[in-house]
Amino acid sequence: MSPAQAPVEPSRVPDLHVPVAIIGGGFSGAAVAWHLLRLRPQLEQVVLIEPRAELGRGLAYSAADPSHRINVPATRMSLIPDQPTHFNDWLESTGALDADPAARRSEGRNFPARAVFGTYVAEHLAALGPRVTHVVAAAETVEARGDGYRIRTGDGAIIEAGLVVLAVAHAPPSPPSALARALATHPRFVPDPWQAGALEAVRPDDRVLIVGTGLTMADIVASLERLGHRGEIVALSRRGLRSRGHPAQAHDPFGDFATDPARTAGALVTRIRAAVAQAGEAGQSWHCVLDQVRLQGSLIWNALPPPERARLLRHLRPFWDVHRFRIAPQVEEVLDRRIALGTLDLRAASLREVTVQGETILVTLRARHTGEVTREAFDAVITATGPAHGRVFADNPVLASLERAGLARPDTLRLGIEVAPDGRCIGAAGVPTPGLYVAGPLARGTVGELMGLPDVTNYAIRIAGEVAARLGADEGLVGAARLYASA
């Protein structure tokens with residue numbers, strides 16, 4: 001362990017001493033715990049440190065708003081990848097769809113509210129009984145200690161663990177500085193739309209500016225619609241791109257990007273465009289090509305040299321995001337309807353100046369393509385810029401403590417935490433930190449595509465297998481876990 005750890009008082013007896021502690025009890029942490037306990041039936045206890053009252057939900061699946069729906073068909077949302085309909089079967093067997101007829105689509109795919117998926121995960125974790133210990137608190141610091149780690153929580157508890165898995169979340173949205181300065185005290189400025197009740201400040205006839213046009217914007221518009229909003233909404237981003245919907249029918253992935261993978265961003269784009277053209281000739285949509293790119297994402301990402309990865313993020317990430325992260329058909333219908341009615345306007349533009357007169361918000365905008373500058377009045381402004389990836393170490397006290405101790409560091413692209421191929425944190429010296437693993441999207445700077453739930457699940461199984469191996473699991477069992485995780 002690193003000698004750079006902060007001193008600890010030797011007399012303090014830990015509240016818990018366990019083989020494995022998982023920091024973060026959202027989907028990633030819950031999936032690691034669930035699969036680890038399946039791989040190691042003899043393991044008596046795993047601790048999850050999570051301030052929310054229920055495990056398995058996190059931010060994504062805690063939303064009480066029924067208009068926030070899963071954006072992947074239920075037949076592809078599962079804790080068990082080799083049983084892809086596991087969640088959908090649970091929906092049918094429990095009657096969870098009876099109270100939400102709109103979740104059923106005519107094409108036979110279900111898109112229930114996200115909170116329902118959270119219930120599914122929470123129930124399966126709860127079925128493990130006392131083998132899962134939920135510490136209802138936020139972790140504050142992690143220190144190397146002897147052959148393991150000492151974790152301190154915000155309420156003063158201490159947990160000592162041999163192995164630690166970081167399943168922490170992205171930093172919350174960071175509003176543009178011009179908005180934050182001018183609107184800090186405005187009653188209808190919403191810097192974080194995910195806070196409970198945040199959108200209730202918006203009045204039915206308010207003219208609303210949403211900064212961002214991706215998935216978060218789509219959810220905000222759906223929520224405002226449910227709350228009875230009927231005023232005009234302007235949503236802007238640098239390119240004005242909107243998240244796409246799902247294809248009319250299910251399909252198989254199309255193309256091959258893993259054989260002799262592209263070594264430059266330009267070559268990758270050329271191959272994708274060619275595959276889309278071939279799919280079109282075969283009567284298939286672009287969706288099947290992008291699905292194959294997602295499935296082969298890690299191979300594609302790891303074949304690109306670091307400068308090409310940076311180029312890909314700089315120039316192509318917005319286009320990838322809107323095609324890869326699709327919106328549920330129910331949400332797509334809301335957007336289409338409001339655009340047709342003229343109450344939703346998507347723009348490619350940038351903010352230039354924000355001032356306030358009384359409660360009216362005056363915003364100067366510059367159109368991307370024409371350069372035209374306009375000054376417009378709004379009643380409310382909502383930030384939908386997505387997670388602040390680059391601030392995760394600064395904003396998360398656990399990661400800040402690990403960085404200070406030299407046990408973890410940001411990845412070079414500032415997408416999250418730098419990890420080794422086996423999922424361990426890379427420390428300040430550039431070597432893996434023993435017994436300290438990362439699960440969830442914050443590993444994607446190294447791993448590649450790691451935002452959609454199927455990818456997060458497979459990576460959680462991979463980390464569970466690595467942790468099981470460290471705990472001395474049978475080699476055949478661990479080998480099976482790795483094969484299962486790659487399915």
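Values below: every heavy atom of this structure, side chains too, minus hydrogens, waters and symmetry copies.
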Arg114 side chain to Tyr61 main-chain N or O, any donor-acceptor pair under 3.5 Å?
no
Test side chain to side chain donor-acceptor pair (under 3.5 Å) applied to Tyr437 - qualifying residues, sequence neighbours left out:
none
Above 12 or not: heavy atoms from other molecules or residues under 6.0 Å from CZ of Arg238?
no
Under 4.0 Å between a side-chain nitrogen and a carboxylate oxygen: does that hold for Glu160 and Arg150?
yes
Are Asp411 and Arg309 ion-paired here, with the side-chain N under 4.0 Å from a carboxylate O?
no
Please check if the side chain of Trp301 supplies one atom and the backbone of Gly445 the other of a donor-acceptor pair under 3.5 Å.
yes
When you compare the side chain of Pro410 with that of Ile417, does any pair of heavy atoms fall below 4.5 Å?
no
Point-to-point distance, once rounded to the nearest 0.5 Å, from CG of Leu415 to OG1 of Thr446:
9.0 Å
Tell me whether the rings of Phe117 and Phe87 are parallel (<30°), tilted (30 to 60°) or perpendicular (>60°).
perpendicular
Is it the case that the side chain of Tyr120 and the backbone of Leu79 share a donor-acceptor pair, with hydrogens and angles ignored and the cut-off at 3.5 Å?
yes
Got His287 and His323 here, is their nearest side-chain heavy-atom distance under 4.5 Å?
no
Measuring only between side-chain heavy atoms, which start at C-beta, is Val72 closer than 4.5 Å to Ile70?
no
Tell me yes or no: between the side chains of Arg57 and Thr119, is some donor less than 3.5 Å from an acceptor?
yes
Which value, rounded to the nearest 0.5 Å, describes the distance between Ser298 atom OG and Asp455 atom CG?
7.5 Å
Heavy-atom donor-acceptor pair, Thr383 side chain to Thr385 backbone, under 3.5 Å
no
With the threshold set at 4.0 Å, does a side-chain nitrogen-carboxylate oxygen contact exist between Glu466 and Arg424?
no
Min side-chain heavy-atom separation Val211-Pro175 under 4.5 Å:
no
What I want to find out is whether Arg104 reaches Glu92 closely enough, with some N-O distance under 4.0 Å, to be called a salt bridge.
yes
Closer than 3.5 angstrom, by distance alone: can the side chain of Glu50 be matched with the main-chain N or O of Gly25 as a donor-acceptor pair?
yes
Give a yes or no on this: more than 12 heavy atoms of other residues, nucleotides or ligands lie within 6.0 Å of atom CD of Gln249.
no
Is a salt bridge present between Glu332 and Arg105, judged by a nitrogen-to-oxygen distance below 4.0 Å?
no
Can you tell me how far CD1 of Ile151 sits from CG of Asp15, rounded to the nearest 0.5 angstrom?
11.5 Å
Short side-chain to backbone donor-acceptor contact, His124 and Gly56, under 3.5 Å:
no
Can you check whether Ala262's main-chain N or O pairs, donor with acceptor, with Asp260's side chain at less than 3.5 Å?
no
With heavy-atom distances below 4.5 Å as the criterion, would you say the side chains of Gln278 and Gln284 are in contact?
no
Could you measure the distance from the CG atom of Leu402 to the CD1 atom of Ile23? Nearest 0.5 Å is fine.
7.0 Å
Is any side-chain heavy atom of Ile80 closer than 4.5 Å to a side-chain heavy atom of Trp34?
yes
Donor-acceptor pair, side chain of Gln292 and main chain of Phe254, under 3.5 angstrom
no
Nearest 0.5 Å, please: how far is CZ in Arg244 from CZ in Phe319?
9.0 Å
Shortest non-hydrogen contact between Leu125 and Ala33, atoms and distance
CD1-CB, 4.3 Å
Could you verify whether a donor N or O on one side chain and an acceptor N or O on the other, from Thr213 and Ser237, lie under 3.5 Å apart?
yes
Looking only at heavy atoms, the pair that brings Thr141 and Val398 closest together is N-CG2, 4.3 Å
State, without any angle test, whether Thr85 and Asn88 hold a side-chain donor-acceptor pair at a distance under 3.5 Å.
no
Roughly how far apart are Met217 CE and Ile327 CD1, rounded to 0.5 Å?
7.5 Å
List the atom of Gly24, the atom of Leu48, and the distance in Å for their closest heavy-atom pair.
O-CD2, 4.1 Å
Looking at Arg314, I'd like to know if its CZ atom is crowded, meaning that more than 12 non-hydrogen atoms belonging to other residues, nucleotides or ligands lie closer than 6.0 Å.
yes
Between the side chains of Asp422 and Arg470, is the shortest nitrogen-to-carboxylate-oxygen separation below 4.0 Å, so that they form an ion pair?
no
Any side-chain donor near an acceptor of the partner, Ser223 and His68, under 3.5 Å
yes
Please lay out, stage by stage, how Gln42 and Leu471 fare under the test side chain to side chain contact (heavy atoms under 4.5 Å, CB included).
CA-CA 11 Å; Gln42 69 273 40; Leu471 292 172; over 6 Å; no
Is Gln330 reaching over with its side chain to a backbone N or O of Phe111, donor-acceptor style, under 3.5 angstrom?
yes
Can you tell whether the side chains of Glu143 and Arg152 come within less than 4.0 Å, N to carboxylate O?
yes
Scanning both residues in full, the closest heavy-atom pair of Ile463 with Gly423 reads CD1-CA, 3.7 Å
Closer than 4.0 angstrom, basic N to acidic O: yes or no for Arg239 and Asp321?
no
Test item: side-chain donor near acceptor, His246 and Asn71, under 3.5 Å:
no
Whether the side chain of Glu418 engages the backbone of Ile426 through a donor-acceptor N/O pair (distance < 3.5 Å, no angle test) should be reported.
no
Tell me which pairs pass side-chain hydrogen bond (donor to acceptor under 3.5 Å, both in side chains) where either residue lies in residues 130-139, with sequence neighbours left out.
Gln45-Thr133
Please tell me if the side chains of Ile49 and Ile159 come closer than 4.5 Å, counting only heavy atoms from C-beta onward.
yes
Less than 4.5 Å apart, side chain to side chain, heavy atoms only: is that true for Val392 and Leu399?
yes
